[in-house]
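All values derive from a computational prediction rather than experimental measurement. Here is how names work: the chains are called A, B, and so on, in the same order as the sequence lines, proteins then strands, and each is numbered from 1.
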Protein chains: 2
Amino acid sequence: MKKITIHDVACAAGVSAATVSRSLNLPDQVKPAVRAHVIATAERLGYLADGAARALASRRSGAVGAIVPTLDNPIFATCIAALQQRLDEHGRVLLIASSGYDPAREARDLRGLLERGVDGVMLVGADHAAAVWHLLASARVPVVVTWTTTGAPPGVPCIGFDNQAATRRLVSYLLDIGHRRIAMIAGPSPGNDRATARVAGVREGLARAGIDWPEEYRVERPYSVAAGRATLIEFMSMPRPPTAIICGNDHLAFGALAAAAGMGIRVPAELSLTGFDDLDFAAHATPALTTVHVPAAAMGRQAADCLVAAASARAGPASVELEAPVMLRDTTAPPPPIR
Amino acid sequence: MKKITIHDVACAAGVSAATVSRSLNLPDQVKPAVRAHVIATAERLGYLADGAARALASRRSGAVGAIVPTLDNPIFATCIAALQQRLDEHGRVLLIASSGYDPAREARDLRGLLERGVDGVMLVGADHAAAVWHLLASARVPVVVTWTTTGAPPGVPCIGFDNQAATRRLVSYLLDIGHRRIAMIAGPSPGNDRATARVAGVREGLARAGIDWPEEYRVERPYSVAAGRATLIEFMSMPRPPTAIICGNDHLAFGALAAAAGMGIRVPAELSLTGFDDLDFAAHATPALTTVHVPAAAMGRQAADCLVAAASARAGPASVELEAPVMLRDTTAPPPPIR
DNA sequence: TTCGATCATGAAAGCGCTTTCAAGCAGAGG
DNA sequence: CCTCTGCTTGAAAGCGCTTTCATGATCGAA
């Protein structure tokens, strides 16, 4: 039994291949009776279209690509899940790659996606290797940047939120409740504009209040629970330890929380801690984590809509700024009275 | 500026299209000097192969498909992350779909993947609609089943673990430390052989010890934190509440843990709780969750290897049984003395 | 009834690549 | 010096589908 082609269906239905193709793709260009017969025949024969041939002839694949830093962080998985689901509703399929925060690997992966003929690409953040923008431009493929609202080249839509404003608000809150010694465990900044913006937000919040931010209150660490754990110990071993620590993401915060428990430091009574992402488990940690809610699913959904629209040249792709509210929970409180 | 084809490269390099193709795909069939020149020319021109044309002519796409129940559960995201990374190392690309635990949607999504010409498919579990197996057979596409070791049609390799043995061991342990009233919050069983096997494991463990398992000690709930929360309250409001509760996955367990805290029930002193999956956060919950470790990343990696091998007809795809060890942590302890 | 306009359909030309197949060519052996 | 072998290369035939383009068929209006 060999493969069933559009020709076999055409013969069996007593029409031409062109009519079969039209029945399947442009249903209203063919008489209803004929169409029904063709579709029934195709079904009976178990016809499965050959996507490669279709893509070659029609110059579009119905596939969309996405490159995320990592799928191991549930925040990206959530975004991808929403993206995939929405693409599915549009009859599109999702090709996925992960860069491991490595710009070179990202460029290489993008090449792979482009060679597979994706009709659009979702990227995280606006900070990418020059090769990435070149490839995208010369392949003339629609692209959308997520997770940020700034920094993308002109003409590239952004669907994201304001990272800097988010941490600025976090700092304002901490200052309001009395903190003055605020430290930060930031994520790695190279190639990561989100991490950089989050640091800038803290600096800005402090500057507005006229508060000095000593160098040693800011460190850059990989996004891991282990790093959060180790770094909290470093901070709390200082002669003048901070009274609040802002973590670059929830993983770091969970690590810090665990380390505090291990050191016998009570959170939030003795130390305030914040995260960033609002993972499912942030609300279920003990104590529940104060963090910034990242609208991952919304970004995925809207990115899908944006790319599908761009692929059919329908809508002028517009940028969208989403809310990233601070979720006040149980890891923040006024600092202990000065002894 | 129009698209650069293999022909343009051929002209620029002063060779035929066939030689360009060979330089790129079968490097040792062409003289080194020529090959180097061709590759340099391709690079200079910014040549990007057209995957559709390549797939059409060579009858393979270099893409592998995967269908998981959901990407919102990090356990599947971890598996997909590993799968993707390994495929990337093989120069393959990953097409992903999620069924939302709906067999009909799974069949539809599979069709989409097959139409895109995937060279292999990874499935979770062995329980699928008949249409799924039909499609796979008639498309002659290699497939691998993960997350279980049993129940797949003959000839279909499984890369998974023994769900039933895992919960059986969990029960043995609970019995050993003195529990007799053991309840279970299972996942939805329709179309989910893993959930079913986990229930069977509990039943088997209890039966071996000659202990009765009353109907009301077993309920089926969606895999969510909220369901875990609500169900724990139900269980603990019974006249004779269980002393240990086995949850079908970690989400349910986290919910149960939170509800116990809310009710003022001390875990593990008054109640033992177990999960299944061993998510990253299981070890960081308070108290740290006793659970079954699911080798998600290993399954993803090995599934990738298996499918790549099958696509090149290299190795006879073999089934693999991986370990799923019980991770004893802080949510299990002997039951309180009988009052 | 007749004419032009509209609609449904078929024929055929590719889409850009891989892959036989055959030819060219250089070196080895007689 | 000639033939045979083995290695490179080019020519060309598709891969299965979409999509003009052209041709009948159909319909409403005159």
Could you tell me whether the phosphate oxygens of [N], OP1 or OP2, come under 4.0 Å of any side-chain nitrogen or oxygen in [X]?
X	N	answer
A:Ser16	C:dA11	no
B:Arg60	D:dC15	no
A:Thr19	C:dG10	yes

| Does any N or O donor sit under 3.5 Å from an N or O acceptor when you compare the side chain of B:Arg59 with the base of D:dG16? | no
| said: Once you measure the plane-to-plane angle for A:Phe76 and A:Tyr101, does it fall in the parallel (<30°), tilted (30-60°) or perpendicular (>60°) bin? | reply: perpendicular
[X] side chain, from C-beta outward: closest of [options]:
X	options	result
B:Ala53	D:dT9, C:dG16, D:dT19	C:dG16
A:Ala57	C:dA8, C:dC15, C:dA11	C:dC15
A:Arg22	C:dT9, D:dT18, C:dT18	C:dT9
A:Asp50	D:dA11, D:dT19, D:dG16	D:dG16
A:Lys3	C:dC17, D:dT18, D:dG16	D:dG16

In whole Å, what is the span from the [atom1] atom of [X] to the [atom2] atom of [N]?
X	N	atom1	atom2	value
B:Leu26	D:dC7	CG	P	16 Å
B:Asp28	D:dT8	CG	C1'	13 Å
B:Glu115	D:dG16	CD	P	15 Å
B:His7	D:dG10	NE2	C1'	11 Å
A:Leu56	D:dG16	CG	P	12 Å
B:Ile6	D:dA12	CD1	P	17 Å
A:Tyr47	D:dT18	OH	C1'	11 Å
B:Gln29	C:dT20	CD	P	10 Å

| said: Side chains of A:Val30 and A:Thr19, heavy atoms from C-beta outward: is any pair under 4.5 Å? | reply: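 In contact.
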| query | Closer to the 5' end of DNA chain C via nearest nucleotide, is it A:Pro32 or A:Ser58? | reply |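 Residue closer to the 5' terminus by nearest nucleotide: A:Pro32.
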| message | Quick check: on DNA chain D, is the nucleotide nearest A:Ala52 upstream (toward 5') of the one nearest B:Val15, or the reverse? Name the residue that is more 5'. | response |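 Nearest-nucleotide comparison on DNA chain D picks B:Val15.
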| So, are B:Lys3 and B:Asp50 salt-bridged, with charged N and O less than 4.0 Å apart? | yes
| Carboxylate-amine/guanidinium proximity below 4.0 Å for B:Arg108 and A:Asp88 |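 So B:Arg108 pairs with A:Asp88 through a salt bridge.
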| query | Between the side chains of B:Ser98 and A:Gln84, does any donor sit under 3.5 Å from an acceptor? | reply | yes
